[in-house]
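Beneath this line is the structure, given in structure tokens, with notes to follow.
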Amino acid sequence: MKQLIVLSGKGGTGKTSVTAAFAHLASEGKYANQFIMADADVDAANLELVLQPQRIEEEEFRGGQVALIDQETCVSCGDCQNICRFDAIDYTDGAYIVDPIACDGCAACVYQCATNSITMHEQVVGKFYVSEGRYGTLYHANLFPGQDNSGKLVTLVKQRARLQALDEERKLVIVDGPPGIGCPVISATSGADLALIIAEPTVSGVHDMHRVLETVQHFGVSALVCTNKADIYPEGTKEIEDFCIDSGIPFIGRIPFDLTVASAMVEGEAVTAFDSEAPASIAIRDIWSRVLDSLLEGEA
Amino acid sequence: MEIVVASGKGGTGKTTVATSLAMVASEQNTIRFLDCDVEAPNARLFLDPELDTVKEVGILIPNVDDDTCTYCGKCAEVCQFHAIAVIGKKTLVFPELCHGCGSCTLVCPENAITEELDVMGVLESGNAIKNIDFAQGVMNIGEPMAVPIIRELKRWAPAKASAIEIRDSPPGASCPVVETIRGADFALLVTEPTPFGLHDLKQVVEITKEFEMPTGVVINRDGIGNNAVEAYCEEVGIPIMMRIPMERRIAEAIASGKPLLKAAPEYQKDFENMLGNIITEVGA
Amino acid sequence: MKIAISISGNTINDPFDPRFGRTSTFCIIDTESEEWETYENPAFSASGGAGVQASQIIAEKGAEAIISGAFGPKAFDTLSAAKIEMYTASGNEGFAAQDVLEMFKNGQLPKTESASHGGHHGGGR
């Protein structure tokens, strides 16, 4: 079983549109019924909007704890506010109260409170789903806005997808990754066999591609690069391609700027299914076959 | 006054809007610009600051003195993140798990713990075009946590006191976004009129609602997709402050690092009006 | 000797779970008396540092060896400090804890001398 992760560094480079197209293409090729999808962008889980699956399982996701001050026993000494390094304790209307959004869950205040007035409480911070869609099973989740712990939820999504793939001896897990280079990206990348970086040839996109490439290399995952909206800034595209050649990273294709992608999104379809002859669709098909070659190299 | 520019979905044009707004505002006021997207800081590419002040930032992690430590295990017991383990006659510290809360230091009965800075990134500041006082945070590669860097960036002093502070937020709707939005007076949310844009916009609106913060929307790439964003804004009573149509020449200019107002100066007026409306809204 | 095995379930006949920090349960077996007990793993739902916490639990229960699927760097350091020997078994074969124990007794399980992977399966700070 292999795990592919689709990443970008910069947000909005087209990760999800490409991943959705991969799901469509995988369902048509020899890997039909051999793969599972996982949406690891739990902050902005959009794969569902394209795959339009039916939820078959739903679980609450409990994340970190937050402190709560018992106003009955609190003597308003203010010690908790002094020691809190997360500015999470407010003094309003003569009472100390915890701002649950700022609270980091460290419980330092619990141990310092002279009157034992502070306790920790677990929070439901998101939901985890298993869905069946037109292209097969999708594992996904929704982290409630403003919540912490996305790394752990990402891990849960990936782990469950992986376990099903192992149980059913499926060949591939395709993971739609989050933007950035932080905790959720690290969690999403861990255990992957291959990362496909979708770079946008803009000054911002090039900058962020370097950072995400360094991140996947830091965690020992090999990477392929392709560009999206490739023709919008030819100098940027060239810079990306030259960089890939110089550093020995395979550059596997250019997806042109194509408004068909947005139209497909509005219709809730993968662009390759919406219009298989659109310029973007043709490019994505080619990239997909190269990704498969690289991923399943040497396998029967 | 502090204005935060956020979006939910990545790549909708947050940085384009934030930097354009800063340029317009700097004609009237002193402006402080904070790039809080510490995982992918890009505003610098458009504002071109001369970054002459640098500071390392991170969190304070424990350092246990083996000579005074009695292996009582109190530190491991209070650590919610299992960043300290006491096993037999050994105290192990795992910096990558530490949140820097200081709880272990406070409870240690032997005062055997001192704290040292674990560097997670840098803050940089300097003067940008049009005398915008610019500062950004840059997170180190492989570092999982952005929030401490954003928190320090907001507190950082070198940027002078200004009439208007503009913060460029990271994408998404989780803790780094909340930390960026926290304490601002107005949230300007940049979206695109597509199902993804709408879905992610709703997530950020949940946060600004929680903060009871005045909020407005900018529709970028207007003309692609559908009108579901407008319908939603109307339904929840959030004003659409500005629209930027989908134009290939704008996309190309921004791709090459050219500020929007240079490529399409006709939007100058729209940004001025929007800034005026924001100031009125916050003042009201 | 006392040996711990990560499992999902609550008896020695339940499946072996290759996850160390995030396993739901540890089965601890006394290889001389063949007696066993199971303990819930509190690190199962920890927000970070599951490997460290799980290591501390089995050290407290007096285990001298552990069989799991893999050990991250922090679990490895903690288990090493506690002088607990680490062995790995495959998680993809549908073994029960009992099967894994037999394989251990027959000397079929490889001993782990360094962390099996880069760790960081989420959580963290």
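Throughout, protein chains are lettered first and strands after them, A, B, ... in sequence-line order, and every chain is numbered starting at 1.
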Measuring heavy-atom distances to chain B, does A/L259 have an atom under 4.5 Å in its side chain, in its backbone, in both, or in neither?
side chain
Is A/S263 in contact with chain B via its backbone, its side chain, both, or neither, using a 4.5 Å heavy-atom distance?
neither
Pick one of side chain, backbone, both or neither for A/T215, based on which atoms fall under 4.5 Å of a heavy atom in chain B.
both
Which heavy atom in A/Y233 sits nearest to a heavy atom in B/S256, and how many Å separate them?
CE1-CB, 3.2 Å
Mind listing the closest non-hydrogen atom pair of A/L143 and B/Q203 along with its distance?
O-NE2, 3.8 Å
Please determine if B/R182 and A/D99 form a salt bridge, counting it only when a charged side-chain N lies under 4.0 Å from a carboxylate O.
yes
Shortest non-hydrogen pair, B/M139 vs A/R211, comes out as O-NH2, 2.7 Å
For A/Q112, is it the side chain, the backbone, both or neither that has a heavy atom under 4.5 Å from a heavy atom of chain B?
side chain
Non-hydrogen atoms of chain B under 4.5 Å away: do they reach the side chain of A/D231, the backbone, both or neither?
both
Between A/A108 and B/S103, what is the shortest heavy-atom contact and its length?
CA-OG, 3.3 Å
Candidate pair B/F46 and A/V203, rule side chain to side chain contact (heavy atoms under 4.5 Å, CB included), full reasoning
CA-CA 9 Å; B/F46 299 93; A/V203 289; 4.2 Å; yes
Locate the shortest heavy-atom distance separating A/P145 from B/E206; write the atom from each residue and the value.
CG-CB, 3.5 Å
Checking A/Q65 against chain B: side chain, backbone, both or neither under 4.5 Å from a heavy atom?
side chain
Can you tell which part of A/P179 gets under 4.5 Å to a heavy atom of chain B, answering side chain, backbone, both or neither?
both
Option that, when pairs with chain B are counted at under 4.5 Å, heavy atom only, ranks first among A/G105, A/G205, A/C84, A/G236
A/G105
If I compare all heavy atoms of B/A251 with all of A/I232, which pair ends up nearest, and what's the gap?
CB-CD1, 3.2 Å
Taking B/K154 first and then A/D87, would you say they form a salt bridge - that is, a charged N and a carboxylate O separated by under 4.0 Å?
no
